[in-house]
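See below for the structure under consideration.
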Amino acid sequence: MIKVDVSNVINEEEIAKYSDKVASINKMINEKTGAGNDFLGWVDWPNNYDKEELERLINDAKYVRENFDVLVVAGIGGSYLGARSALDALKGIKGVDKPEIIFMGQTFSPNYTYQVLEYLKDKKFAINVISKSGTTTETSIAFRLLKSLLEEKVGKEEARKSIFAVTDKEKGALKTLCNQEGYSTYVLPGNIGGRYSVLTPVGLFPLAAAGVDVKAMLKGAQEAQKEFDNADLKTNMCYRYAVSRDYMYRHSHPVEMYVTYEPQMSQISEWLKQLFGESEGKEKKGLLPTSVTFSTDLHSLGQFVQDGSPILFETILNVMNPNDDVVIPSDKDDLDGLNYLAGKKLSYVNQMAYQGTLKAHEVDGGVPCNIITIDKMDAKTLGYLFYFFMRACAMSAYLLEINPFNQPGVEIYKKNMFHLLGKKGY
Ligand code: PA5
């Protein structure tokens, strides 16, 4: 489904030097014995997920598709970025006709929140609230607002049937509310953290409601699990990629730039930035993940990449066959001089832009480039890709001797904010 070429970043001799380390970390991941080992539930999830729950989820999602104009998904971080990025990657700017999917609870922005609430006033909408802890402030405020608008519009009884929650099996304020109100509820297992949860109901409920084949996604992830559970650095593309990142980090390239040539893939870069940034950026260590969408950003950050401080390497996500394409027309006057491209597809121009840029960056700019080639973007490939990156991330973080599954740093802003807001106990 994908090809991974790390040869411009690290050579075979250097890769081989990682063999022992990778073997022992891989054992740790498979046997769940490393730091944060109680959060390794995602490793076997593609095979171990609750099959009955998935059927119930697909049925509820069908009900949402058939009965509502809009599904508002309230969540943030790992409870938001997976579904958001998958929807963009699979549906593009067309989005989903019915139900339209709108995200909320990922910001405190009064403008955004007001505009969504106004928009919903004359829409038939359902709510999918997603929070593992059930106490995240952005999500909780959004849910309070949404719930009250919905109850006002359709009454408490009807609202209950229009709310679908994803949260912890037993803990948290949202779980208590779900029990009390009898919402249809799905479990984010205790042993899976937010940013590793895209293949659980956290990602799958909104995606199924958008008409995505979530079973195919899980199938893709199953294939990835089977392929990447071994420590063979000659064939395991996932760990070859993880090792290339570590090598870059230790050789003065602390910035990884995700590159796509498809705007609809740019949310995948956002998911990647959260996955790697929140997993690795600890104890004053870690690569800084950043992203660009070319050719758009060749007219902005392209200058820096080509000629600026030599601190970054690229990881390019190149989708070979787009789902849609456009042919460039001929023009009898040819004033813009574009007739040399008449009859050619834009996918061809995009690929040439990619090849030209790759050469410019690698050869002239001296920027090391990893290349991940994706044949075609569909649900199965995306499931495979999500698993590939989660496993690569765990390996990368363990290579840095970091616990990939906690995020102690994000608590500090919350404490300050709660103090300023006058929350009890802060
Ligand atoms: O990856 C993570 O763990 C975080 O980004 C969480 O997903 C995010 O903070 C939202 O948390 P919760 O699902 O508890 O609302």
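Counting starts at 1 for both ligands and their atoms, in listed order. Side chains are part of it too, since the values below use all heavy atoms of this structure and drop only hydrogens, waters and symmetry mates. Bear in mind that the values here come from a model prediction, so they are computed numbers and not experimental data.
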Next on the checklist: Under a 4.0 Å threshold between the charged nitrogen and the carboxylate oxygen, would E170 count as salt-bridged to K175?
Outcome noted: no
Item to check | Lys/Arg-Asp/Glu bridge criterion (N-O < 4.0 Å) met for E66, K62 | outcome: yes
Item to check | Contacts of L218 that satisfy side-chain contact (heavy atoms from CB on, under 4.5 Å) - sequence neighbours left out | outcome: W45, Y49, L54, L199, L204
Checklist outcome for this item: Residues at least two apart in sequence or cross-chain that pass side-chain contact (heavy atoms from CB on, under 4.5 Å) with D378, listed by chain then number, are K380, T381
Checklist entry - Pick one: which of F276, F386, Y80 meets ring pair (Phe, Tyr, Trp, His ring centres under 6.0 Å) with W271? => result F386
Item to check | Contact residues of ligand 1 (heavy atom under 4.0 Å), by chain and number | outcome: I76, G77, G78, S79, S131, K132, S133, T136, G194, R195, Q274, E278, Q407
What side-chain donor-acceptor pairs closer than 3.5 Å can you find for residues 146-154, not counting sequence neighbours?
unit_1, atom_1, unit_2, atom_2, d
K153, NZ, K121, O, 2.7
K153, NZ, K123, O, 3.0

